[in-house]
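Letters go in sequence order (proteins before strands), and every chain restarts at 1.
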There are 2 protein chains.
Amino acid sequence: MVSSAGDNVCETLSEPLSQVMTLLGKRWTGVVWSTLMQGPVYFSDLKRGIPGINDRILNERLVELVDLGLATRTVIDGRPIRVRYELTGRGAAIRPALDELTRWAQEHLQPPAR
Amino acid sequence: MVSSAGDNVCETLSEPLSQVMTLLGKRWTGVVWSTLMQGPVYFSDLKRGIPGINDRILNERLVELVDLGLATRTVIDGRPIRVRYELTGRGAAIRPALDELTRWAQEHLQPPAR
DNA sequence: TGGGTTACTTAGAAAAAGTAAGTGGGGTCG
DNA sequence: CGACCCCACTTACTTTTTCTAAGTAACCCA
């Protein structure tokens, strides 16, 4: 769609941006992905470190990230058994975007009501 | 939470990033926001330009963006009446993040199956 | 035994998103 | 006139997603 004189006709969003926004458009994906940015984390620590998330969705989102090749899952055979998740290079490469999102939010979103 | 020697204990995500990820974590918000980036658009053109979105959710997401001060809504009293949506300065300021997301997706997401 | 840990899994409820049709205001055409 | 079109929502209902709560199996300890 091309913008004609004076009209506000709208172009379809670029496929890459549309795809990543669809990815982020599932509840908790962005939060989990961003949290993994700090390095390898155990499932239980992720659960404790993300306020409001439930086991079920945490597991589901982690599986999705792993299936997309954005994270790896490593079973640590200790007592008790623990599972560690870590971003792959591809998953970690989104950092510049996260930095820009953080910058935008710091400037334009207000702190939550206390 | 502080990472102790050898442990993978996890820090809570920064509040700004958590907030913007929660915003983007609603289906269609990111797609609608990104689409408005190209300039003022009529509701009907938005609907035609975003494959897969329905009136109901499009309206709801636009209302949310307006309520958050990220977009404005202007009624154009023509024949037929039309409504135009446009990002505010705050809403438009997210562009650097969108550019980074696009860059990441171009490099790390594969094109959808044909 | 009861309590704790772990990473899921299951069952059902609640919320969100999707689908289809409608509303009220306008218009054109046969 | 009726039938169709446009517009921006709105309504009613269905389907999907997310949430809540409890459970599982494997371990540990007092």
Salt-bridge present (B:K26, B:E64; N to O < 4.0 Å): yes
Length of the line joining B:L23:CG and C:dA16:P, which is rounded to integer Å: 14 Å
Euclidean distance, atom CZ of residue A:R48 to atom P of C:dG4 [Å, nearest integer]: 14 Å
A:Y42 vs C:dC8: side-chain N/O to OP1/OP2 distance below 4.0 Å: no
Length of the line joining B:L46:CG and D:dA8:C1', which is rounded to integer Å: 12 Å
Phosphate OP1/OP2 of C:dT5: any A:S44 side-chain N/O under 4.0 Å: no
Heavy-atom closest contact (B:M21 atom, A:V31 atom, distance): CB-CG2, 3.8 Å
Below 4.0 Å: OP1/OP2 of D:dC19 and any side-chain N or O of A:W28: yes
Minimum heavy-atom distance between B:L68 and B:R90, given as atom pair plus value: O-NH1, 2.9 Å
Spacing of A:D45 atom CG relative to C:dT5 atom P, expressed in whole Å: 13 Å
Note: B:R84-B:D45 ion pair, threshold 4.0 Å (strictly below): no
Upstream residue (5' side of DNA chain D) when A:R27 and A:P80 are each assigned their closest nucleotide: A:R27
Bend angle of the helix from C:dT1-D:dA30 to C:dG30-D:dC1, from helix axes over five pairs at each end, nearest 10°: 30°
Closest non-hydrogen atom pair between A:A97 and B:E100, with its separation: CA-CB, 3.4 Å
A:S34 (side chain) donor-acceptor with A:G30 (main chain) under 3.5 angstrom: yes
Nearest-neighbour nucleotide for the A:K26 side chain, C:dA7, C:dG18, D:dT18 considered: D:dT18
Test salt bridge (Lys or Arg N to Asp or Glu O under 4.0 Å) applied to B:R103 and B:E107, step by step: CA-CA 6 Å; B:R103 188 167 297 127; B:E107 193 166 346; over 6 Å; no
Gap between atoms CZ and C1', on A:R79 and C:dT5 respectively (whole Å): 13 Å
A:Y85 versus A:R73, side-chain donor and acceptor atoms under 3.5 Å: yes
Minimal non-hydrogen separation, A:A92 against A:M37, with atom names: O-CE, 2.8 Å
Residue B:F43, side-chain atoms from C-beta onward, closest of C:dG18, C:dC8, D:dA8: D:dA8
Interface residues of residues 52-65 of chain B with DNA chain C (non-hydrogen, below 4.0 angstrom): B:N54, B:R56, B:I57, B:R61
Integer-rounded Å distance: C:dT6 P and A:R84 CZ: 16 Å
Interatomic distance where CD1 belongs to B:I81 and C1' belongs to D:dC6 [whole Å]: 12 Å
Side chain of B:R73 (C-beta onward), nearest among C:dG25, D:dT18, D:dC9: D:dC9
Heavy-atom donor-acceptor pair, A:R27 side chain to B:R27 backbone, under 3.5 Å: no
Gap between atoms CZ and P, on B:R82 and C:dG27 respectively (whole Å): 15 Å
